[in-house]
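Order of listing sets the numbers, starting from 1, for every ligand and every atom in it. Worth saying up front: this structure is predicted, and the values here are computed from it rather than measured.
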Amino acid sequence: MSGSRKELWRRSESPTEVWDDTDKEWEFEIVGEELDEDGKTSRYEVRWLNWHRSDGTNVTWPGQKDPIPVRAIKAWKQEQATRIQKILKDSPSSLAIKVPTTLDGHLMETDLRSQGYQQKLAIRRMEPSQAPNKLVEHMHGLLSKKVHPITQQPRQSRLQASQARTSTSQTSTSQARSSTASSKAGPSKQPASQERRLKLEKEWTAIADTSHAAPIAIVNIIDDEDGPPLPPNFRYVEQGYIYHKDVEEIDLDAVMVGCDCYECDHEGASACDCQAPSRLHNRNDKIFAYTPDGLFNFQVASGIEVIECNKKCECNPDCVNRVAQRPRKFVIEVFKTSLAGWGVRSQSNIKRGQVVGVYSGQLITRKQAEEMPLKHRGYCFDLDGYEDPDGNASDSDRQFTVDSRQHGNWTRFINHSCSPNMVVYSVVYDTIPEFGNPYLAFAALRDIPNLTELTFDYDPSEGDRAKKGKDKMPPGARKCHCGTEGCRGWVPV
Ligand SMILES: C[S@@+](CC[C@H](N)C(=O)[O-])C[C@H]1O[C@@H](n2cnc3c(N)ncnc32)[C@H](O)[C@@H]1O
């Protein structure tokens with residue numbers, strides 16, 4: 001990200017506190033913590049049990065010179081975990097978490113509530129049968145021990161209790177951190193309580209849920225915009241295409257065939273009937289596009305379609321050749337970036353090769369897309385024409401574009417990067433390759449830490465041209481803010 005970071009919050013200077021009786025054993029309890037901009041604890045708030053100031057206060061924020069014993073920290077963390085579990089238990093049936101009423105309580109509980117929410121999301125993403133057990137697992141082994149004697153005295157602790165932000169709340173500087181394409185973004189805890197944003201979040205999550213996909217969060221820690229701008233009557237579509245009335249729908253059931261493999265990876269791709277039209281080879285053998293662990297294997301050359309098993313196949317839903325078709329498992333945040341409008345990131349770490357999701361939208365003809373005003377083309381994705389194994393191009397009447405301006409899912413917010421962390425490939429699973437309506441799946445090109453913006457290259461062939469010094473900014477292109485070293489300077493349309 002270029003530009004300087006705005007400072008929204010800074011600790012006040014505090015008077016130095018002088019302590020005596022350095023050999024005395026001081027009992028204390030941790031009562032709070034302050035998080036840094038990466039969400040890690042930067043220091044703890046400590047209440048002293050056999051010491052107080054003349055005004056009766058007895059809380060300090062020991063610095064690095066006065067390290068707090070590990071066992072005390074461990075017990076504090078476990079105590080926090082217990083509190084989170086209580087919050088979860090008190091609101092078991094939905095993702096909503098109870099809001100406490102007093103101000104102190106509110107600040108203290110906000111972070112716990114946020115952590116509880118994350119855990120709930122994680123639990124909810126599990127198979128329903130596992131979730132209750134997992135909750136029970138979380139409950140085990142929690143400690144309530146609170147008081148810890150330490151012999152080391154915090155000589156120069158600082159008086160911070162009245163100046164520091166309430167314990168366990170996130171610093172605002174961390175919230176101000178955002179990203180442009182490909183940078184690591186700040187934590188996702190901003191309570192930007194705009195009604196529209198929450199309404200969209202709820203609506204999209206409910207629609208995603210009908211496909212058993214993970215929730216969608218909408219996060220803005222940059223400004224007051226109450227969610228991404230959308231055309232009137234925008235419809236969230238988690239999976240599949242909405243056919244434009246000018247696009248003929250074909251009775252796919254009548255033409256699709258399935259394989260009769262017992263286990264596709266056992267018999268191998270060459271033996272799988274689904275792979276008959278596939279051009280995915282390794283020397284003379286056909287191969288699947290995925291590793292046995294369900295990761296994209298990057299053996300798919302540009303222009304080659306992946307053909308997954310389909311509903312007519314005999315194999316199980318966990319077949320090695322059914323990956324892009326599975327419900328999305330990562331919780332996605334559509335978030336406001338500082339320079340490139342709204343973007344997308346995941347709340348979980350993503351492994352190289354994991355398939356994150358699939359583009360959705362309205363299927364229109366290529367001609368319709370070409371006639372569209374340039375300003376609307378930013379949400380269009382051309383489906384490359386199918387070439388059969390003999391190299392014959394597809395029927396030009398069946399060349400399509402997916403337009404996600406009016407109908408689409410979270411992938412319509414993925415920004416471009418000249419050095420992206422995802423790659424797009426074409427995949428067929430509820431159609432046949434000859435029909436020219438494959439899906440576009442996004443696979444992670446490298447391990448992507450959670451809350452890092454997800455990006456892809458809007459036109460990788462531009463990259464090749466740029467390397468050869470033949471790049472030319474096309475009409476309608478915009479200045480690129482991906483901020484990567486090899487940035488070409490503009491975003492292709
Ligand atoms: C498919 S949309 C992506 C979502 C978009 N940022 C939004 O707020 O709706 C594509 C548009 O996002 C913007 N965009 C995407 N990547 C960008 C980048 N690296 N730098 C600047 N703008 C970008 C451009 O305006 C582009 O036309």
Asks: Salt bridge or not for K367 and E371, using N-O below 4.0 Å?
Replies: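 Yes, K367 and E371 are salt-bridged.
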Asks: Can the ring centroids of F381 and F456 be said to lie less than 6.0 angstrom from one another?
Replies: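 That pair passes the under 6.0 Å test.
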Asks: With a 4.5 Å heavy-atom cut-off, do L295 and R352 have their side chains touching?
Replies: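 Counting from C-beta outward, L295 and R352 never come under 4.5 Å.
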Asks: Taking only heavy atoms of W342, which atoms of ligand 1 are found under 4.0 Å from at least one of them?
Replies: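 Atoms satisfying the 4.0 Å criterion: 4 (C), 5 (C), 6 (N), 7 (C), 8 (O).
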Asks: Should E308 and R326 count as an ion pair when the cut-off is N to O under 4.0 Å?
Replies: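 No, no charged N to carboxylate O under 4.0 Å.
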Asks: Contact between ligand 1 and I414 is defined here as a heavy atom of the residue under 4.0 Å from a ligand atom; is it met?
Replies: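 Judged by the 4.0 Å heavy-atom criterion, I414 does count as contacting ligand 1.
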Asks: With heavy atoms of C480 as the reference, note each atom of ligand 1 found under 4.0 Å away.
Replies: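 What qualifies from ligand 1 is 19 (N), 20 (N).
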Asks: Does A340, backbone or side chain, put an N or O under 3.5 Å from an N or O of ligand 1?
Replies: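 Yes; at least one N/O pair falls below 3.5 Å.
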Asks: Would you mind running through ligand 1 and noting each atom that sits below 4.0 Å from a heavy atom of G378?
Replies: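 Numbered from 1, ligand 1 contributes 1 (C), 10 (C).
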Asks: Give the ring-plane orientation class for H416 versus Y458, where under 30° counts as parallel, over 60° as perpendicular and anything between as tilted.
Replies: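 Judged by the thresholds at 30° and 60°, the geometry between H416 and Y458 is perpendicular.
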Asks: Which of the numbered atoms in ligand 1 are under 4.0 angstrom from any heavy atom belonging to K479?
Replies: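 Close to K479: 20 (N), 21 (C).
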Asks: What atoms of ligand 1 come closer than 4.0 angstrom to any heavy atom of R478?
Replies: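 Selected atoms, number and element: 24 (C), 25 (O), 27 (O).
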Asks: Quick check: R412 and ligand 1, any N/O pair under 3.5 Å apart?
Replies: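 No.
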Asks: Just which atoms of ligand 1 are under 4.0 Å from any heavy atom in N415?
Replies: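 Those of ligand 1 that fall under 4.0 Å from N415 are 3 (C), 4 (C), 5 (C), 6 (N), 12 (O), 13 (C), 14 (N), 15 (C), 16 (N).
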Asks: Can we say R488 and D457 salt-bridge, meaning some charged N sits less than 4.0 Å from an Asp/Glu carboxylate O?
Replies: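 Counted as a salt bridge, because a side-chain N and a carboxylate O are separated by less than 4.0 Å.
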Asks: Which atoms from ligand 1 have a heavy atom of H416 less than 4.0 Å away?
Replies: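 Here the atoms of ligand 1 in question are 15 (C), 16 (N), 18 (C), 19 (N).
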Asks: May I ask whether P228 has any heavy atom positioned less than 4.0 angstrom from an atom of ligand 1?
Replies: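 Flag not set, P228 not near ligand 1.
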Asks: Should the pair R405 and Y379 be classed as cation-pi, given the thresholds of under 6.0 Å to the six-membered ring centre and 45° from the axis?
Replies: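 Pair R405/Y379 does not count as cation-pi.
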Asks: Under 6.0 Å from the six-membered ring centre of F335 and within 45° of its axis: does the NZ or CZ of R345 meet both?
Replies: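 Checked: cation-pi criterion met.
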Asks: Could you check which of Y379, Y458, F381 puts a non-hydrogen atom nearest to atom 10 (C) of ligand 1?
Replies: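 It is Y458 whose heavy atom sits nearest to atom 10 (C) of ligand 1.
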